[in-house]
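I have placed the structure first, in the form of C-alpha cells, so that the comments after it can refer back to it.
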Amino acid sequence: MRCRSGRTADYEHLAARSQAEGIPQLALDGHPVSADWDPDLAPAMTALGVALHEEATLDLLVDDLSRQT
C-alpha cells in the first residue's frame with residue numbers, strides 16, 4: 001500500500017470530517033487541475049468528487065503557518 005501524500009491525506013480527512021459533521025457536500029465541477037506540490041491530490045479529488053471551501057481547512061492552514069520559521 002502506498003502512503004498518501006500530505007495534502008491528499010488532508011483532503012480525504014476533511015471531506016470525511018465535513019460529511020460526519022453534516023456540512024453539505026459540494027460537488028466538484030470543471031476539469032481536474034494537477035497540483036505540482038501533490039500529484040495525488042487531483043485524482044483523489046476526482047474520486048471523491050467533493051469540493052471543500054478554504055474555511056474547512058482553516059485549522060490545518062493555521063497549523064502549517066505556526067510551524068514555519
Side-chain angles (χ1 to χ4, degrees):
M1 184 170 115
R2 189 171 158 210
C3 181
R4 303 300 275 172
S5 59
R7 290 297 168 220
T8 298
D10 289 345
Y11 167 76
E12 292 169 336
H13 167 77
L14 289 170
R17 183 176 80 181
S18 67
Q19 184 178 25
E21 292 177 357
I23 297 170
Q25 300 289 291
L26 304 169
L28 284 177
D29 73 19
H31 298 286
V33 177
S34 294
D36 292 338
W37 62 90
D38 188 345
D40 295 328
L41 185 55
M45 292 180 74
T46 299
L48 290 178
V50 176
L52 297 172
H53 286 290
E54 291 85 1
E55 291 83 357
T57 68
L58 186 59
D59 56 333
L60 294 173
L61 295 173
V62 169
D63 188 48
D64 281 354
L65 290 171
S66 68
R67 288 189 219 158
Q68 292 182 1
T69 56

Closest contact, heavy atoms only, Leu28 versus Thr46
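Of all heavy-atom pairs spanning Leu28 and Thr46, the closest is CD1-N, 4.3 Å.
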Distance-minimising heavy-atom pair for Ser34 and Ala42
CA-CB, 4.4 Å
State, yes or no, whether a side-chain contact exists between Tyr11 and Asp38 at a heavy-atom distance under 4.5 Å.
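Result no, sub-4.5 Å side-chain heavy-atom pair not found.
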With rounding to the nearest 0.5 angstrom, report the CD to CE distance, Glu12 to Met45.
11.0 Å
Value for CZ (Arg17) from CG (Asp59), rounded to nearest 0.5 Å, stands at 4.5 Å
Sole residue of His53, Gln25, His13 in side chain to side chain contact (heavy atoms under 4.5 Å, CB included) with Ser18:
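In the set His53, Gln25, His13, the residue that makes a side chain to side chain contact (heavy atoms under 4.5 Å, CB included) with Ser18 is Gln25.
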Among Asp10, Leu26, Leu14, find the one that has a side chain to side chain contact (heavy atoms under 4.5 Å, CB included) with Leu52.
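Output: one option passes, namely Leu14.
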For atom CG of Asp29, is the number of surrounding heavy atoms from other residues, nucleotides or ligands below 6.0 Å larger than 12?
no
Leu41 with Val50, same ILVMFWY side-chain cluster at under 4.5 Å
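Yes, same cluster.
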